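Everything on this sheet refers to the single structure shown next.
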Amino acid sequence: MSIQRFTRVRGLVAVGAIAATVVGFAGLTAASAAEKVVLGALRFTSHAAGFIALDKGYFADEGLDVSFEFFQAAQPIAVAVASGDVDFGVAGVTGGLMNLAEKDAVRLVAGVLHEKKGVDGMMIMASNKAYEEGLDTVPEIKGHSMAMTQVGSTFHYMTSRVAEKEGFTIDDVKLVPLQKVGSMIAALKSGQVDAMIMVPHIAKSLVNNGDAKELGWLYDYAEYQISALFTSVKNIEERRPMVEGFIRAYAKGIADFNRVMLAADADPAEKEEMTKIIHKYVYNDRPYEKAAPSIQAGAMNLNEGAALNKTDVAAQMQWFQDQGLVQSKLDVDKLVDDSFVKNY
Amino acid sequence: MADEPERAQPVKFRGGGFVSKPRRFVAPLVFAVLIAIWEWGARAGWISPLVLPAPSEAFEAFKDLVESGQLLRHLSASLQRLIVGFTAGTTLGLTVGTFIGLFSIARSGLAPLVAAIFPIPKIALLPLFIIWFGIGEGSKVATILFGSFFPTVIATYSGIDNVDRGLIRMGQSFNLTYRDIVRKIVLPAALPAILSGMRISASISIILLVAAEMIGAEYGIGAYVLLAGNLMATDQLIAGVAMLSILGLTVNWLINLAERRFLKWRA
Amino acid sequence: MDLKVQGLSHRYDDLEVLRGIDLTIRQGEIVSVIGPSGCGKSTLLRLIGGLERPTEGEVLQVGEPPADSLNPLTYVFQDFALLPWRTVKGNVSLVLESKGLAQAETDARIADVLARTRLTDFADAIPKQLSGGMKQRVAIARALSVNPAVLLMDEPLSALDSQTRELLMDDLIQLWAREPFTSCYVTHNLNEAVRLGHKVVVLSRRPGVIREIVTIDTPVPKRSISDPALAEIQQSLWEMMREEAMTADMELADG
């Protein structure tokens, strides 16, 4: 009996060993085929192209095994990319990002969010109090206070573009840095600041709830490159094919998003399907029925083909340098690597 | 026995150690060595400027700040907030703490409230502070006020709790008035506890300075640090953090002075 | 002014501490109270001075206290109860402040009591600089400064070493000789009781009742360590207490 058992055990071990070898080989080939890539993301509709690309298998088609690392704010994503913890990130073209590029840590490789006339984007809005006191058009912002997150943020830049177009300067408005979007909302609702510029899904819900008034849309002042896809200089130099594949897949996600989420005549079924994909990542703490309107309200124009408006990025960089927020020795070619997508 | 040669040897010393003696030069030396290694590492290139800028770069950023004249504006803005907030918080805290320490009704009513609110991170309440106190100096001062109020309350009433009851009984036995017993016996006896509470609340105030200056602050060391962080200007960040640290050391030194001045009588 | 204790009983919740105490302390007389530990001596003293309210009975002041007495019933505590942040002078002035005295009178009183307790040279020292005996002299000076009608002394020498105790006892005797004061002197030390007391009240163990009141006729200033008559009284007091002291020693706290 003991001999019998011995043979059986040995037999099992042999089978196990063979199986392990086979699985091992399979695993090895799979690993070599699917390169691991981490994308740093925020749970915003504006980051949806990445979610769609993953869900629809565009990343897998390029042989990439993409996973997400979620953040609370865009700034830490840039730092995480610089440190190599994350491979790609999407963030506003901010002073912080430019200074990281100046330190040769990151570069912009593709465009993501771009204001476009007629597509809901950033809203310029006034507090109820200021509105009642006569602030009911955009040019009247001159001389009023405006909330923003930080000095050197996209909000800071957007305000300057509005001012420029209306023929006054940024010094004519009192900019109040409040660090957090939540604080900006609190300040506007309570009338502590007169105006602000806000992302569409929040802005629209504020206006619909009667907490603030719409003054206008940013696209009437600046059709500009709000956010971009960036990666580390190390990735560009050492993993160029991976970066190319990632951008191709991301561009497909953008194409799907723009076609379904922005078009007025989009197929409702397709729109619902896509909203459901996005809902896996955005507002996933609420039931789908409640989340869907917010998700759809947050849809903004994404750069078709992930093209990058380098001209505008250069202009933004110039503005930050003029403000003394970014080192003047930074060159746009150090900030943007234009070899991946169409630049204009 | 007398004629036997006696072997004599000194008793071995076995005491010593386990006593901390002040060594004045050690602390500056540790600082100097650390900074030297850091500087050398940055120049040699094995500390990337992205990870940590060289001390010399941080100093350069500090020099820029001095030369541009901004340092004074930042410092005066922050100090003003710290002094107003800390003074108001401490005064209120002393008053409430004394009431809790002296009156059972105040204790039953307020002590649990203080215990419930103390651990709330004030930074989480910033949006509410904006609505309550506005985006001007009000909310900044209030943040620091709240930060220094609660530790002072707790230090004051636990100080009063620990006052030697024998001293109070002595005061009563000499027919001192209630007011005199509080003023001349209870509060001076609680002073050591109150001062060590102040040491904590002063540090908390400096920590909260950065949080306070998140709300619409154009100037202030906290605002400077925040801006440096947002812009990834790590040299300015280090310079700002160093200023906060020096501010903390200064406050600590002031409290040491106060302790030496007012608590000489302690054994 | 005399003090009269009538039918005094006291209890803390279920614990009966004192029962049926009747006692008179006459003007100019030192009454020592002794008894085994935990017999309620100190409680009795707190009841006499009005720091605690008796469960039953009362304490009466018979006659008027002297007109210049600022605090007729004044304590001297075992642990001195000095404010450590005040100087010797400041500790004395504490009990004179806000009593409506002119500054000159306050100063005069302080100077007087410091001289009487031989502390004049230490007026500006703070308590942590003083020895135990000096601290107690400060406390005595403070007590004398208010011209008490009765000094209530709660084991005033117990925290001191034996040499210091002898010195301070001499001081007390001298003080009394110069200006006889009325006092209730609580102690567990039989020698002190016999040396200082005109009467020695012996309390039984808890609940404390008066077992005996021994009167000593030798004038206080004439008593000495080696007086055989005093030794005999001390011996007989000890016989009286010995058994109870042993029982008290074996008792568990919170029994």
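Numbered from 1 within each chain, the chains take letters A, B, ... in sequence-line order. For clarity, every value in this text was computed on a predicted model and none was experimentally measured.
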Task: Within residues 189-199 of chain A, residues adjacent to chain B where the heavy-atom gap is under 4.5 Å - done: A/Ser190, A/Gln192, A/Val193
TODO: Determine, stepwise, if the pair A/Leu97 / B/Met232 fulfils side-chain contact (heavy atoms from CB on, under 4.5 Å).
DONE: CA-CA 8 Å; A/Leu97 199 59; B/Met232 284 306 296; over 6 Å; no
- [ ] Just give me the residue among A/Ala82, A/Ala105, A/Gly96, A/Ser153 that pairs up with chain B most often, heavy atom to heavy atom, under 4.5 Å.
- [x] A/Gly96
Open item on the list: If we define contacts as heavy-atom pairs under 4.5 Å, which of A/Ile185, A/Val151, A/Thr94 has the most with chain B?
Closed with: A/Val151
Task: Under 4.5 Å from any heavy atom of chain A - which part of B/Ala217 - done: backbone
Task: Which atoms of B/Leu227 approach chain A - backbone, side chain, both or neither, heavy atom under 4.5 Å - done: side chain
Open item on the list: Rounded at 0.5 Å granularity, tell me how far CG in A/Asn99 sits from CG in B/Asn230.
Closed with: 11.0 Å
TODO: Show your working on side-chain contact (heavy atoms from CB on, under 4.5 Å) between A/Val176 and B/Glu218 and close with a plain yes or no.
DONE: CA-CA 8 Å; A/Val176 185; B/Glu218 204 176 339; over 6 Å; no
Open item on the list: For a quick test of reading the model, state the closest non-hydrogen atom pair linking A/Gln179 to B/Glu213 and the distance between them.
Closed with: NE2-O, 4.4 Å
Task: Partner chain A: residue of B/Leu128, B/Ile215, B/Ile130 with the largest heavy-atom pair count (under 4.5 Å) - done: B/Ile130
TODO: Identify which of B/Gly136, B/Gly229, B/Gly216, B/Ala233 forms the greatest number of heavy-atom pairs closer than 4.5 Å to chain A.
DONE: B/Gly216
Flag yes if more than 12 heavy atoms outside [X] fall under 6.0 Å of its [atom1] atom; otherwise flag no.
{"X": "B/Trp253", "atom1": "CH2", "value": "no"}
{"X": "B/Phe99", "atom1": "CZ", "value": "no"}
{"X": "A/Phe168", "atom1": "CZ", "value": "yes"}
{"X": "A/Lys213", "atom1": "NZ", "value": "yes"}
{"X": "B/Ile105", "atom1": "CD1", "value": "no"}
{"X": "B/Leu72", "atom1": "CG", "value": "no"}
{"X": "A/Lys334", "atom1": "NZ", "value": "yes"}
{"X": "B/Leu29", "atom1": "CG", "value": "yes"}

Open item on the list: Please classify the contact between A/Ser183 and chain B as side chain, backbone, both or neither, with a heavy-atom cut-off of under 4.5 Å.
Closed with: both
Open item on the list: Which atoms of A/Val79 are under 4.5 Å from chain B, going by heavy atoms: the side chain, the backbone, both sets, or neither?
Closed with: side chain
Open item on the list: Are the side chains of B/Leu231 and A/Gln150 in contact, using a 4.5 Å heavy-atom criterion?
Closed with: no
